[in-house]
J.: 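Okay, handing you the structure first.
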Amino acid sequence: MARVPLIQEQDHPELAEAVKKYSAGRRGKLINIYRMLLNSPPLAESWFNHSNTVRWQTTLSGRLRELVIIRMGRLTDSQYVLRQHVPSLALAEGLTLDECNELADWQVSSKFSESERAALAYADTMTRDIVVPDPVFDGVKKHFDDRQIVELTVLIGSYNMNARVMQALRLDLEPLEP
């Protein structure tokens with residue numbers, strides 16, 4: 001159970017505009033992360049804008065983005081992130097369920113390209129160690145330009161933040177859709 005209340009839109013008519021905005025594109029449903037964040041409307045707005053920029057306004061491929069997000073969910077044990085991205089968002093970006101499952105131990109998998117492996121190693125290092133040694137960074141630099149490196153780094157950092165917020169506040173999972 002969440003440690004802070006999840007805002008119910010019918011109890012907060014003053015938030016109607018924000019609820020409408022955050023529900024758009026999500027089949028008209030206000031998901032729990034925004035129900036929680038609406039306890040602080042300015043933070044909900046900042047989170048929404050940042051998340052949408054990180055996910056939809058970068059030059060990273062959708063496949064790479066989802067690989068990294070799902071790996072972050074596995075590394076941080078963020079069941080909320082995993083439930084949101086597997087299978088629907090991952091499959092929509094061309095991943096298979098086998099690839100999603102193999103992200104738990106990607107180092108021994110043959111399913112990922114050299115550039116994907118470099119990005120996954122970077123994600124692992126940023127999450128586990130924070131300080132990235134030159135050989136790991138050099139692997140990323142070999143496959144990505146400066147803009148993509150910044151975008152990948154911010155994506156990884158963002159999902160580290162997401163997981164920590166969700167875990168600390170014990171955000172309830174979304175119900176499974178039929």
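One-based numbering along the sequence shown. Predicted model, so just to flag it, every value in this text is computed and none were measured.
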J.: Please report the shortest heavy-atom distance between Met126 and Thr153, naming the atom on each side.
T.: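 For Met126 versus Thr153, the nearest heavy atoms are CE-O, 3.6 Å.
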J.: Establish whether Val86 and Leu171 are linked, either directly or via other cluster members, by ILVMFWY side-chain heavy-atom contacts under 4.5 Å.
T.: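 In one cluster: no.
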J.: Under the 3.5 angstrom rule, does the side chain of Arg74 hit a backbone N or O of Cys100 as a donor-acceptor pair?
T.: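 Indeed, once roles are kept as given, a pair shorter than 3.5 Å links the two residues.
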J.: Between Thr125 and Pro133, which heavy-atom pair has the shortest distance, and what is it?
T.: CG2-CD, 3.5 Å
J.: Is there a side-chain contact (heavy atoms from CB on, under 4.5 Å) between Glu114 and Lys142 once you walk through the steps?
T.: CA-CA 10 Å; Glu114 192 177 329; Lys142 179 179 173 186; 2.7 Å; yes
J.: Go through the structure and list residues passing side-chain hydrogen bond (donor to acceptor under 3.5 Å, both in side chains) with Asn160, not counting sequence neighbours.
T.: Thr127, Arg164
J.: Taking the side chain as every heavy atom from C-beta outward, state whether Arg63 and Leu95 have any atom pair closer than 4.5 Å.
T.: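 In contact.
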J.: Who passes side chain to side chain contact (heavy atoms under 4.5 Å, CB included) against Gln84, sequence neighbours left out?
T.: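 Result, side chain to side chain contact (heavy atoms under 4.5 Å, CB included) vs Gln84: Ile31, Tyr80, Glu174.
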J.: Does one hydrophobic cluster hold both Phe137 and Ile156, with members joined at side-chain heavy-atom distances below 4.5 Å?
T.: yes
J.: Let me have the donor-acceptor pairs involving side chains of residues 103-110, under 3.5 Å, with sequence neighbours excluded, atom names and distances please.
T.:
{"unit_1": "Trp106", "atom_1": "NE1", "unit_2": "Asp124", "atom_2": "OD2", "d": "3.0"}
{"unit_1": "Gln107", "atom_1": "NE2", "unit_2": "Asp124", "atom_2": "OD2", "d": "3.4"}
{"unit_1": "Ser109", "atom_1": "OG", "unit_2": "Glu102", "atom_2": "OE1", "d": "2.3"}
{"unit_1": "Ser109", "atom_1": "OG", "unit_2": "Lys111", "atom_2": "N", "d": "3.0"}

J.: Please report the closest heavy-atom contact between Pro87 and Leu97, naming both atoms and the distance.
T.: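 Answer, listing the atom of Pro87 first, then Leu97: CB-CD2, 3.6 Å.
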J.: Do Phe144 and Leu64 have side-chain heavy atoms sitting under 4.5 Å apart?
T.: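 Sidechains of Leu64 and Phe144: in contact.
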J.: side-chain hydrogen bond (donor to acceptor under 3.5 Å, both in side chains) with Thr58: which residues, sequence neighbours excluded?
T.: none
J.: Output all residues satisfying ring pair (Phe, Tyr, Trp, His ring centres under 6.0 Å) with Phe48, sequence neighbours left out; order by chain, then residue number.
T.: Tyr22, Tyr34
J.: Could you tell me which residues satisfy side-chain hydrogen bond (donor to acceptor under 3.5 Å, both in side chains) with Gln79, sequence neighbours excluded, listed by chain and number?
T.: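 Once residues adjacent in sequence are excluded, the partners of Gln79 under the side-chain hydrogen bond (donor to acceptor under 3.5 Å, both in side chains) criterion are Asp77.
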J.: Looking only at non-hydrogen atoms, find the nearest pair between Ser78 and Met166 and report the distance.
T.: OG-SD, 4.0 Å
J.: Between CG of Leu155 and CD of Gln148, what distance do you get to the nearest 0.5 Å?
T.: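 Those atoms lie 12.5 Å apart.
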J.: Is there a donor-acceptor contact under 3.5 Å from the side chain of Asn39 to the main chain of Leu6?
T.: no
J.: Scan residues 1-20 for pairs that pass salt bridge (charged side-chain N to carboxylate O under 4.0 Å, His left out), counting only residues two or more places apart or in two chains.
T.: Glu9-Arg35
J.: Give the minimum heavy-atom separation between Leu67 and Leu120, together with the two atoms involved.
T.: O-CD2, 4.0 Å
J.: Any chance you could lay out the side-chain contact (heavy atoms from CB on, under 4.5 Å) test for Tyr159 and Thr76, step after step, and finish with the verdict?
T.: CA-CA 9 Å; Tyr159 274 84; Thr76 60; over 6 Å; no
J.: Would you please name every residue forming a salt bridge (charged side-chain N to carboxylate O under 4.0 Å, His left out) with Asp146, sequence neighbours left out?
T.: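 Scan of Asp146 (salt bridge (charged side-chain N to carboxylate O under 4.0 Å, His left out), adjacent residues dropped) gives Lys141.
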J.: At what distance, to the nearest 0.5 angstrom, does CD1 of Ile130 lie from CZ of Arg128?
T.: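 Result: 13.0 Å between the selected atoms.
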J.: Determine whether Ile69 and Arg55 satisfy the following criterion, side-chain contact (heavy atoms from CB on, under 4.5 Å), listing intermediate values before the conclusion.
T.: CA-CA 10 Å; Ile69 291 170; Arg55 291 198 53 229; 4.1 Å; yes
J.: Go through the structure and list residues passing salt bridge (charged side-chain N to carboxylate O under 4.0 Å, His left out) with Arg147, not counting sequence neighbours.
T.: Glu151
J.: When rounded to the nearest 0.5 angstrom, what distance separates CG in Leu30 from NZ in Lys21?
T.: 13.0 Å
J.: Is there a path of hydrophobic side-chain contacts, each under 4.5 Å between heavy atoms of I/L/V/M/F/W/Y residues, joining Leu60 to Val81?
T.: yes
J.: Please answer: with hydrophobic residues joined when any side-chain heavy atoms are less than 4.5 Å apart, are Leu169 and Met72 in the same cluster?
T.: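 Both belong to a single hydrophobic cluster.
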J.: For residues Met1 and Arg170, determine if any side-chain heavy atom of one lies less than 4.5 Å from a side-chain heavy atom of the other.
T.: no
J.: Who pairs with Leu43 by side chain to side chain contact (heavy atoms under 4.5 Å, CB included), at least two apart in sequence or on another chain?
T.: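 For Leu43 the side chain to side chain contact (heavy atoms under 4.5 Å, CB included) partners, ignoring immediate neighbours, are Ser40.
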J.: Nearest 0.5 Å, what's the CG-CD1 distance between Leu37 and Ile7?
T.: 10.5 Å
J.: Using side-chain hydrogen bond (donor to acceptor under 3.5 Å, both in side chains) as the criterion, list what pairs up with Ser46, not counting sequence neighbours.
T.: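 Here no residue qualifies.
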J.: Grouping I, L, V, M, F, W and Y whenever their side-chain heavy atoms are under 4.5 Å apart, do Leu89 and Ile70 come out in a common cluster?
T.: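 No, no single cluster joins them.
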J.: With the side chain counted from C-beta on, respond yes when Val68 and Tyr122 share a heavy-atom pair under 4.5 Å apart, and no when they do not.
T.: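 A side-chain contact under 4.5 Å is absent here.
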J.: Could you tell me the separation between the OG1 atom of Thr59 and the CG atom of Asp145, rounded to the nearest 0.5 Å?
T.: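 Spacing of OG1 (Thr59) from CG (Asp145) equals 6.0 Å.
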J.: Show me the pairs that pass salt bridge (charged side-chain N to carboxylate O under 4.0 Å, His left out) and involve residues 80-97, at least two apart or across chains.
T.: Arg65-Glu93
J.: Which atom pair, heavy atoms only, marks the closest approach of Val54 to Ser158?
T.: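 Closest heavy-atom pair between Val54 and Ser158: CG2-OG, 3.8 Å.
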